[in-house]
Amino acid sequence: MTKVTFLPHEEICPEGKTIEAEPGITLCDLALANGIELEHACEKSCACTTCHVIVREGFNSLEDAEDDEEDMLDKAWGLEPESRLACQAKVADADLVVEIPKYTINMVSENH
């Protein structure tokens with residue numbers, strides 16, 4: 001099992017959370033299955049940037065992003081070299097530390 005730590009986020013995950021994960025699950029599915037309401041306006045189809053996360057530790061264990069993901073990431077708020085779309089990034093065998101950015105660019109969210 002791989003340990004995935006979501007750092008505290010003021011609204012989505014105030015306490016932060018560490019989860020044991022099976023390799024192969026996406027970060028988005030892992031978060032949602034464990035009560036972290038990560039936005040995913042496009043229903044995890046790699047068509048928006050609302051699930052943008054920054055992988056602070058373990059980034060190199062992830063498979064490389066596909067071209068579609070890279071194109072979408074170019075539109076993400078607060079893009080960093082370790083940015084990924086949580087709907088596309090699959091947990092591998094190295095522990096991860098994941099930061100959920102404070103803001104997203106979301107033109108579809110019903111919560112805003």
To the nearest 0.5 Å, how far apart are CG in L96 and CG in L62? 5.5 Å
What are the two closest non-hydrogen atoms of T2 and P23, and how far apart are they? OG1-CG, 3.9 Å
Who are the side-chain hydrogen bond (donor to acceptor under 3.5 Å, both in side chains) partners of E69, not counting sequence neighbours? R84
Working to the nearest 0.5 angstrom, can you tell me the gap between F6 CZ and I12 CD1? 10.5 Å
Side chains of I54 and L79: does their closest heavy-atom pair fall under 4.5 Å? no
Checking T5 now: which residues fulfil side-chain hydrogen bond (donor to acceptor under 3.5 Å, both in side chains) with it, not counting sequence neighbours? T18
Side chains of L85 and V53: does their closest heavy-atom pair fall under 4.5 Å? no
Residue pair P8 / P14: nearest heavy atoms and the distance that separates them: CB-O, 3.4 Å
Pairs satisfying salt bridge (charged side-chain N to carboxylate O under 4.0 Å, His left out), at least one member in residues 13-32, at least two apart: D29-K44
Please give the remaining members of the hydrophobic cluster of V97, linking ILVMFWY side chains under 4.5 Å, ordered by chain and number. L7
Strictly by side-chain hydrogen bond (donor to acceptor under 3.5 Å, both in side chains), give each pair with a member in residues 87-102 just once, sequence neighbours left out. R56-E99
If Ile, Leu, Val, Met, Phe, Trp and Tyr residues are connected whenever their side-chain heavy atoms lie under 4.5 Å apart, and connections chain through other members, are L38 and V98 in the same group? yes
The complete set of salt bridge (charged side-chain N to carboxylate O under 4.0 Å, His left out) pairs with one or both residues in residues 45-54, sequence neighbours excluded, reads none
Set of residues satisfying side-chain contact (heavy atoms from CB on, under 4.5 Å) with respect to A94, sequence neighbours excluded: S61
Is the shortest heavy-atom distance from the side chain of I36 to the side chain of I19 under 4.5 Å? yes
Pair H52-S83, side-chain donor/acceptor within less than 3.5 Å: yes
Distance from C13 atom SG to N34 atom CG, nearest 0.5 Å? 10.0 Å
Establish whether L30 and I100 are linked, either directly or via other cluster members, by ILVMFWY side-chain heavy-atom contacts under 4.5 Å. yes
Residues joined to L32 in its hydrophobic cluster, side chain to side chain under 4.5 Å directly or through other members, sorted by chain and number, are none
Main-chain N/O of P101 paired to H9 side chain as donor or acceptor, under 3.5 Å: yes
So, do T26 and C87 sit near enough that their side-chain heavy atoms are less than 4.5 Å apart? no
Let's go through T50 and C42 carefully: what are the C-alpha distance in whole Å and the side-chain angles of both, what is the deciding distance for side chain to side chain contact (heavy atoms under 4.5 Å, CB included) to 0.1 Å, and is it a yes or a no? CA-CA 8 Å; T50 59; C42 71; 5.9 Å; no
